[in-house]
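The sequence lines fix the lettering, A, B, ..., with proteins before strands; numbering per chain opens at 1.
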Amino acid sequence: MTTAVAPPLLEDTNLGPKAGGFYRHQTIWTGLGFGIFLGFVAWLVSHALLQGSNWGSDMVVTCTMVGWVLGFNIGMGTFNAPIRWMLGHDQTHEDELYAAGVGQGRYRYLKFCTDHKVVGTQYLILVMVLFGVGGTLAMMIRTQLITPHSSFLDPQTYNAIVTIHGMVMIIATIIMVSGPFANFIMPIMIGAKDMAFPRLNAMSFWVVASAVPCLLATFVLGGVNAGWTTYAPLSVQAPPAMDAFAITIIVFVVSVTIAGVNTIVTVVTMRAKGMTMGRLPIFTWGAVIGSALGLYAMPAFLAVMTMMITDRVTGTSFFVPQVGGAAWLYENIFWIMGHPEVYVILIPPVAAVLEIASTFARKPVFGYKVAVAGFVAIAALSIMVWAHHMFTTGWAPNLAAPFMLTTELISIPTGIIFLCTIGTMWKGSIWMRLPMWFVYLFIWNFIIGGVTGIYLSDVPADQFFHGDMFVTAHFHYTLLGGAMIGATAAVCYWFPKVSGRMLNERIGKVAFWMIAIGIQVTYFGMFWEGFQGMARRIAYYNPHYEAANQMATAGAYLLMAGWLVFLYMMISSWRHGKLAPANPWFAKTLEWKVPTPVPLENFLVDPVVTSDPYTWGEDVPDGQGIPESAPEPEPELVPAGQAGTSEPVDGGTV
Amino acid sequence: MAITEAEHGHDDHGHGPAVEGAENPGGEHESAFRRDQKERLLMWLLISGDAFFLVLELFTWFYLRALNTSGLWNGAACSKANPCTDGLGNPITSPITRANPVHGIIISVCAILAAAFIWMAESAAKRDAGRRAVAGAAGLGFLFLLAAIGVQIYQFQVIPFTTIDGAYASTYEFFMGSTLAHLILMAFIGLGLWLRASKGRYDGGTWYRVRIIRFFAVWIAVSTVILVAVGALFY
């Protein structure tokens with residue numbers, strides 16, 4: 001890849017005293033203050049006016065949550081730009097620079113900041129917090145299941161924890177790659193200076209951040225005990241916590257839709273000169289296809305949760321059969337969202353795995369075009385398989401066979417992606433660094449998750465396994481063992497670019513083995529439970545299942561310990577790690593051609609792309625492509641946390 | 001006046017001004033061509049997501065209507081001898097009264113007129129007809145949006161059923177709520193268009209930004225007509 005001379009980029013750190021307008025006074029603290037204030041006012045008013053009416057408690061909770069979300073976002077400055085636009089007061093260039101975080105140091109991470117790298121880092125931290133919460137809830141579940149009649153949790157609390165564990169993890173996994181890396185890395189990968197709509201980008205983050213407290217508030221509102229799928233009519237009858245749950249999802253959908261649209265527009269319209277669609281790094285394809293699929297899935301989530309909340313708050317009867325509704329309607333719309341959503345989660349990390357495999361095998365992505373076609377085929381087929389979640393409900397038995405067929409068909413493009421991954425590594429000179437370790441773990445886990453999924457797509461087998469721990473083990477192998485491990489590989493791979501530091505791989509390998517063994521012990525234990533016939537979502541069980549449960553719980557503790565070691569490695573490396581050079585992996589894609597930390601508008605000169613992203617072997621002399629150890633740090637490296645605020649670094653080419 | 005790549009000094013891919021100093025003044029340091037390209041795609045993607053939401057609304061209507069659980073789609077099967085129950089457990093002994101289609105028709109006409117005036121504002125801006133012409137058309141569009149919102153709220157007051165009266169009533173009111181939410185969003189944008197047009201922000205060089213709004217206004221009109229038609233024709 002070569003460059004062309006271009007105008008110098010703006011990196012002004014001496015902004016006027018009025019630059020930024022309201023943004024100057026808005027931080028996470030004003031967001032919290034406004035959120036709590038408006039939530040309280042909404043509670044006060046709705047309590048006074050509505051509490052005595054039908055569905056009064058539900059209305060009060062709904063109003064309070066809406067008040068919190070609006071207040072938080074007003075306080076953060078999320079709505080500043082739309083309101084200024086409406087009033088005809090366009091932002092000045094200085095305002096935009098201020099909003100991009102110029103001259104604000106690390107403080108900008110606590111503000112409405114439009115720099116895509118800041119937003120990506122904010123997402124990364126939010127995802128880690130969500131995994132911390134979800135993981136803690138998972139450990140409570142496994143602790144309860146150590147013995148058949150444990151008194152650690154009562155059944156009501158247990159069900160509430162199972163529900164929120166599921167939804168926290170779903171939210172976290174949907175944004176775990178598309179949030180941090182489609183924001184931080186992808187624009188640089190395609191040669192863009194930022195995302196297409198920087199303010200929408202920041203908005204997507206703070207909107208989803210405002211949804212998280214609503215979800216956690218469910219615990220003090222009586223708990224949602226309907227499982228993460230919140231099937232009707234259970235969810236219609238649930239305590240007012242269900243209203244907070246539904247508001248969480250509605251707000252989350254708004255955020256994911258904004259973020260997804262932004263990703264697609266960025267890739268379609270902001271590519272560097274010469275970056276044709278055929279030259280896009282494979283991760284970019286994954287991010288775009290995942291976002292496009294989300295654009296299909298998320299309206300269904302919005303529709304089903306809106307109908308759910310109107311059933312609860314205004315007495316409509318969408319899902320209540322006694323008054324003309326149908327629980328099948330809920331299940332259909334939910335799974336029209338629910339199965340594509342699995343691929344919204346999976347496609348970006350799988351694409352990241354291909355990216356990493358290529359870099360560390362020093363080979364181009366095997367079957368690049370076939371892999372892209374595979375992603376497209378997975379996305380297309382995933383919208384035609386939803387009813388396999390309903391084989392045992394009695395809905396449209398005549399459609400069981402067609403849905404079984406479409407579900408089994410999806411294993412073909414998935415298998416092709418597998419072949420592409422293995423083909424990329426085949427006969428490569430593999431450089432075994434930490435990201436690559438996780439790529440191997442991903443392949444192992446995802447094969448198990450995928451193969452067990454084929455059993456579940458089969459109608460007769462599903463009649464036996466449905467609702468038991470086999471299903472739980474299957475989707476944990478897929479989503480944790482596959483998607484989350486792929487995302488972990490991505491974290492290890494791009495950490496030097498994000499933080500400016502190298503990870504401590506010695507600690508990382510300890511974490512790796514604990515995680516790898518922990519996953520196998522935990523979920524093989526769950527498969528064992530499932531084969532024995534143990535049902536999901538039960539707090540007490542027959543002593544017959546005790547050994548399998550103890551195995552799963554022991555594995556879960558090991559797994560959690562592994563994640564804690566991994567977290568320690570990340571934090572300690574971020575603070576004290578060895579300074580990272582611009583391209584520690586000698587990778588080929590554009591994000592490794594810019595300095596670390598990355599300047600505000602990424603490129604000191606506009607890049608012009610003249611070749612494919614994976615030109616291994618073309619310009620690296622034989623035997624010199626793989627250094628035996630990490631290269632020495634480049635001179636004048638800047639510590640972590642300074643990305644985007646440094647003075648421009650001179651340089652003519654990238 | 002069409003926006004062409006050559007006019008704005010772009011490379012083959014429309015990426016960034018090739019000429020140094022060609023950026024727009026103020027906060028927008030990218031070209032009109034790039035902005036238009038981005039915003040058009042954004043709008044089409046948002047409309048496609050919203051269209052899928054509309055499809056799910058229609059699916060809900062026809063699914064519940066076909067299923068007619070407990071005879072309570074519209075209560076046609078309910079009688080004194082065979083009473084159904086509403087959402088509060090009260091008996092329903094006769095079919096639910098059909099909603100008056102006139103309100104929906106008035107709302108649809110207002111939404112269509114609003115879209116038409118916004119389209120006129122776009123045309124006026126495109127031919128550099130002056131601030132007054134653009135602002136006048138945009139203002140009329142905004143007024144029709146307000147009228148549509150007013151009629152929609154009025155329909156909530158006078159509709160002959162409530163949300164608890166079975167599936168037809170629930171879905172019909174859901175359609176009304178969805179229409180109202182879309183109209184309010186469009187009114188926010190319409191107000192912005194009017195205020196900005198009054199300040200002379202739209203002319204032959206920036207008309208394409210009104211076009212983006214027109215896309216959404218037309219979509220709102222189309223979706224309103226579809227919901228009103230289904231609600232009126234498929235009792």
Side-chain angles (χ1 to χ4, degrees), chain A residues 6-7 10 54 82 85-88 90-97 191-193 196-197 200 257 260-262 264-266 268-276 292 295-296 298-300 302-304 306-307 310-311 314-318 320-326 328-329 332-333 336 606, chain B residues 11-17 20-21 23 25-29 34 37-38 41-42 45-46 48-50 52-53 55-57 59-60 63-64 67-73 75 84-88 162-171 173-174 177-178 188-189 191-192 195-196 198-199 201:
Chain A
L10 289 161
N54 297 319
W85 173 86
M86 190 188 74
L87 297 174
D90 287 332
Q91 304 212 42
T92 65
H93 187 55
E94 277 204 333
D95 290 338
E96 300 230 337
L97 284 176
K193 293 175 180 174
F197 300 99
L200 279 185
T257 304
V261 167
N262 207 357
I264 296 170
V265 176
T266 302
V268 173
T269 66
M270 305 267 292
R271 285 170 285 122
K273 188 171 184 182
M275 179 67 82
T276 59
L295 209 56
Y296 163 84
M298 289 301 135
L302 179 65
V304 79
T306 309
M307 285 189 250
T310 59
D311 268 11
T314 67
T316 54
S317 56
F318 293 110
V320 186
Q322 294 89 329
V323 279
W328 278 334
L329 176 67
N332 272 294
I333 301 181
I336 284 172
D606 288 345
Chain B
D11 58 56
D12 292 343
H13 302 278
H15 292 158
E20 188 171 355
E23 291 97 350
E28 302 172 3
H29 59 287
R34 171 79 72 88
Q37 190 188 27
K38 282 163 43 175
L41 183 56
L42 172 88
L45 288 171
L46 289 176
S48 66
D50 200 36
F52 188 60
F53 187 86
V55 168
L56 289 167
E57 286 183 275
F59 172 75
T60 300
Y63 185 80
L64 292 179
L67 214 56
N68 194 18
T69 314
S70 311
L72 253 175
W73 163 246
C84 312
T85 52
D86 68 13
L88 294 174
T162 68
T163 49
I164 62 171
D165 293 327
Y168 164 75
S170 297
T171 316
E173 295 222 22
F174 192 73
S178 168
F188 176 86
I189 297 169
L191 176 60
L195 293 176
R196 293 173 69 84
S198 304
K199 292 185 175 185
R201 294 293 170 87

Q. Got a second to check how far A:Met307's CE is from B:Glu57's CD, nearest 0.5 Å?
A. 7.5 Å
Q.
Rounded at 0.5 Å granularity, tell me how far CD1 in A:Ile264 sits from CG in B:Leu41.
A. 7.5 Å
**Q.** Segment of A:Ile333 engaging chain B (4.5 angstrom heavy-atom cut-off)
**A.** side chain
Q. Within the distance-only criterion (no hydrogens, no angle test), does the side chain of B:Thr69 pair as donor or acceptor with the backbone N or O of A:Gly325 below 3.5 angstrom?
A. yes
Q. Is there a donor-acceptor pair under 3.5 Å between the side chain of A:Thr257 and the backbone N or O of B:Leu46?
A. no
Q | Side chain to side chain, A:Thr316 and B:Glu173, heavy atoms closer than 4.5 Å | A | no
(Q) Using heavy-atom distances under 4.5 Å, tell me whether B:Lys38 contacts chain A through its side chain, its backbone, both, or neither. (A) both
Q: With a 4.5 Å cut-off on heavy-atom pairs, point out which of A:Phe318, A:Trp85, A:Phe197, A:Tyr296 contacts chain B the most.
A: A:Trp85
Q | Top contributor to chain B contacts, counting heavy-atom pairs under 4.5 Å, from A:Thr310, A:Leu87, A:Asp311 | A | A:Leu87
Q: Taking all non-hydrogen atoms of both residues into account, name the closest pair between A:Pro299 and B:Phe53 and its distance.
A: O-CD1, 3.6 Å
Q: Could you look at B:Ile189 and say if it's the side chain, the backbone, both or neither that has a heavy atom under 4.5 Å from chain A?
A: both
Q.
If you define the side chain from C-beta out and look only at heavy atoms, does anything of B:Phe52 sit under 4.5 Å from A:Leu295?
A. no
Q: May I ask you to name which of A:Val304, A:Asp95, A:Leu302 has the most heavy-atom pairs under 4.5 Å with chain B?
A: A:Leu302
Q.
Quick check on B:Ser178 against chain A: is it the side chain, the backbone, both or neither that has a heavy atom closer than 4.5 Å?
A. neither
Q | B:Arg201 vs A:Asp90 side-chain heavy atoms within contact, under 4.5 Å | A | yes
Q) Passes side chain to side chain contact (heavy atoms under 4.5 Å, CB included), A:Val323 versus B:Ile164? Steps please. A) CA-CA 8 Å; A:Val323 279; B:Ile164 62 171; over 6 Å; no
Q: Against chain A, label B:Leu67 side chain, backbone, both or neither, depending on which of its atoms sit under 4.5 Å from a heavy atom there.
A: side chain
Q. In chain order, what residues pass the side chain to side chain donor-acceptor pair (under 3.5 Å) check against B:Asn68, with sequence neighbours excluded?
A. none
**Q.** Portion of B:Phe188 that has a non-hydrogen atom of chain A nearer than 4.5 angstrom
**A.** both
**Q.** Donor-acceptor pair, side chain of B:Thr163 and main chain of A:Thr314, under 3.5 angstrom
**A.** yes
Q | Heavy-atom contact with chain B under 4.5 Å, split by part of A:Ile336 | A | side chain
Q.
Holding to side chain to side chain donor-acceptor pair (under 3.5 Å), I want the full list of residues that pass it with A:Asn262, two or more places apart in sequence or in another chain.
A. none
Q: Hey, could you give me the CG/OH distance between A:Asn332 and B:Tyr63, rounded to the nearest 0.5 Å?
A: 5.0 Å
Q) Relative to chain A, which of B:Ser198, B:Gly166, B:Gly87 shows the most heavy atom pairs under 4.5 Å? A) B:Gly166
(Q) Looking at chain A, which one of B:Thr162, B:Asp86, B:Thr60, B:Thr85 has the largest number of heavy-atom pairs inside 4.5 Å, strictly under? (A) B:Thr60
Q. Looking only at heavy atoms, what is the nearest atom pair of B:Ala167 and A:Ser317, with distance?
A. N-OG, 3.5 Å
Q. What heavy-atom pair brings B:Leu195 and A:Met86 nearest, and what distance separates the two atoms?
A. CD1-O, 3.3 Å
**Q.** Under 4.5 Å from any heavy atom of chain B - which part of A:Val320
**A.** neither
Q: Would you name the heavy atoms of B:Leu42 and A:Leu200 that are closest together and state the gap between them?
A: CD1-CD1, 3.9 Å
